[in-house]
Amino acid sequence: MLLSLKKVTRRFSGVVAVDRVELEVGEGEFVCFLGPSGCGKTTLLRLIAGLETLDEGAIELRGRDLGMLPARKRNFGVVFQSYSLFPNLTVARNIAYGLECRKLPRAEIAARTGEMLELVHLSEHASKHPHELSGGMQQRVALARALAPQPEVLLLDEPLSALDAKVREALRGEIRELQKRLGITTIMVTHDQDEAMEMADRIVVMNRGRIDQVGSADELYWRPATRFVGEFIGRLNVLDGAPWQGRLDGEAAGAGEVLAIRPEHVRIVDDGGGGEPVFEGIVRRTAFLGNMTRILVETEGNALEIEVHGARKRLAQGELLRFELPRARLSRLGAASR
Ligand SMILES: Nc1ncnc2c1ncn2[C@@H]1O[C@H](COP(=O)(O)OP(=O)(O)O)[C@@H](O)[C@H]1O
Ligand SMILES: [Mg+2]
């Protein structure tokens with residue numbers, strides 16, 4: 001393992017921001033820390049960077065404890081949400097900054113800066129200042145600056161969240177490609193599940209300072225370990241209301257568990273049905289989203305979301321809808337993995 005986190009803990013005046021986190025990151029991996037605001041993503045990233053001190057636990061790089069190593073000696077590249085470029089320096093000087101700090105020979109600095117400019121497609125903007133560039137370009141400069149000293153690990157804290165949707169999507173692909181080409185081990189913090197699912201080899205889902213689950217996008221979507229993960233990755237109907245109880249025979253959830261189903265797995269019964277218990281509900285709302293329609297159905301006061309792909313006759317508000325919750329599609333989720 002390249003990076004090992006062992007019972008990593010950080011408290012702030014009573015708040016446990018990061019709580020006994022255990023994680024291994026392999027060489028060349030792209031890992032995302034995903035979770036809602038305040039769950040401890042930034043603190044964990046800063047602990048790895050050495051910008052924050054551990055209260056307990058250890059962080060190791062190739063088996064070597066990083067505890068006593070200050071941030072500037074870790075050779076980790078860091079990019080934050082705000083571009084934090086030097087406004088008075090040109091693009092080239094910004095990129096060269098880390099190399100100048102390391103007192104590399106002039107010629108080497110120039111060559112490496114040129115390489116980096118090319119890598120992020122900004123060669124013709126080398127002598128501009130940050131304010132002359134768009135947000136997306138500035139973030140590419142920040143990326144080039146972080147990569148220039150050939151860091152061991154690249155750490156990105158919500159690098160795309162200040163950008164508008166189009167630029168954000170384009171940069172997702174660009175960062176991912178760059179990462180693969182360089183083979184650089186990367187950890188990116190995000191609160192955006194789509195971003196994490198599109199970019200990461202492995203996603204670390206964080207919930208109140210702890211890790212709920214680690215897995216590929218597939219694993220998290222199809223086999224969420226907890227209700228929190230199920231609800232955070234994609235959309236999920238939790239079947240804990242009266243209409244579902246007792247009707248889903250033999251599928252009763254164990255203590256502390258809930259039954260759940262994804263909206264796209266609810267089967268609308270137009271004819272005879274698939275031989276499963278049939279439920280009835282009233283259509284409360286429909287939203288046409290192009291590639292699918294999302295239907296909100298109410299059954300005895302309980303709301304259920306259904307997603308239908310492809311063409312289908314329009315449903316009117318107040319219409320009665322019959323549907324099945326196929327057994328094979330139900331999942332049983334624990335409240336927490338701890
Ligand atoms: N420097 C700090 N001082 C006090 N509390 C902090 C500090 N940094 C983070 N926290 C708290 O730690 C928790 C996790 O914060 P953070 O790591 O920023 O979460 P995220 O990046 O997931 O939004 C929050 O409750 C936050 O208020
Ligand atoms: Mg944060």
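Both ligands and their constituent atoms are indexed starting at 1 by order of listing.
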E198/R176 salt bridge by N-O under 4.0 Å criterion = no
Measure the distance from atom 18 (O) of ligand 1 to every protein heavy atom, then report the residue, atom name and distance (to 0.1 Å) of the closest one.
-> T42 CB, 3.8 Å
When distances are taken from atom 19 (O) of ligand 1, the protein heavy atom at minimum range is G40 N, 3.2 Å
Flag: protein heavy atom within less than 4.0 Å of atom 2 (C) of ligand 1 = yes
Taking 4.0 angstrom as the limit, do E115 and R112 come out as a salt bridge?
-> yes
Less than 4.0 Å between a side-chain N and a carboxylate O, is that true for E60 and K6?
-> yes
E219/R202 salt bridge by N-O under 4.0 Å criterion = no
Are there protein heavy-atom neighbours of atom 27 (O) of ligand 1 below 4.0 Å?
-> no
Can a salt bridge be assigned to the pair R62 and E27 using a cut-off of 4.0 Å between side-chain N and carboxylate O?
-> yes
Looking only at protein heavy atoms, what sits closest to atom 8 (N) of ligand 1 is F12 CE1, 3.4 Å
Does a side-chain N-to-carboxylate-O contact under 4.0 Å join R227 and D240?
-> yes
Nearest protein heavy-atom contact for atom 25 (O) of ligand 1: which residue, which atom, what distance?
-> V15 CG1, 3.7 Å
Scan for salt bridge (Lys or Arg N to Asp or Glu O under 4.0 Å) pairs involving residues 157-168, sequence neighbours excluded, and state none if there are none.
-> none
Check whether the side chains of D212 and T226 place a donor and an acceptor atom closer than 3.5 Å, and report yes or no.
-> yes
Got an N/O contact under 3.5 Å between A17 and ligand 1?
-> no
Which of the numbered atoms in ligand 1 are below 4.0 angstrom from a heavy atom of P36?
-> 22 (O)
For atom 22 (O) of ligand 1, the closest protein heavy atom turns out to be K41 NZ, 2.8 Å
Identify, for atom 24 (C) of ligand 1, the protein heavy atom at the shortest distance, and state residue, atom and that distance.
-> G38 O, 3.8 Å
Mind checking whether the Mg ion (ligand 2) has an N, O or S of T42 under 2.8 Å?
-> yes
Pi-cation contact, Y221 with R262 (under 6.0 Å, within 45°) = yes
Who's the nearest protein heavy-atom neighbour of atom 16 (P) of ligand 1, and how far?
-> T43 OG1, 3.7 Å
Contact check: C39 vs ligand 1, nitrogen or oxygen atoms, below 3.5 angstrom | yes
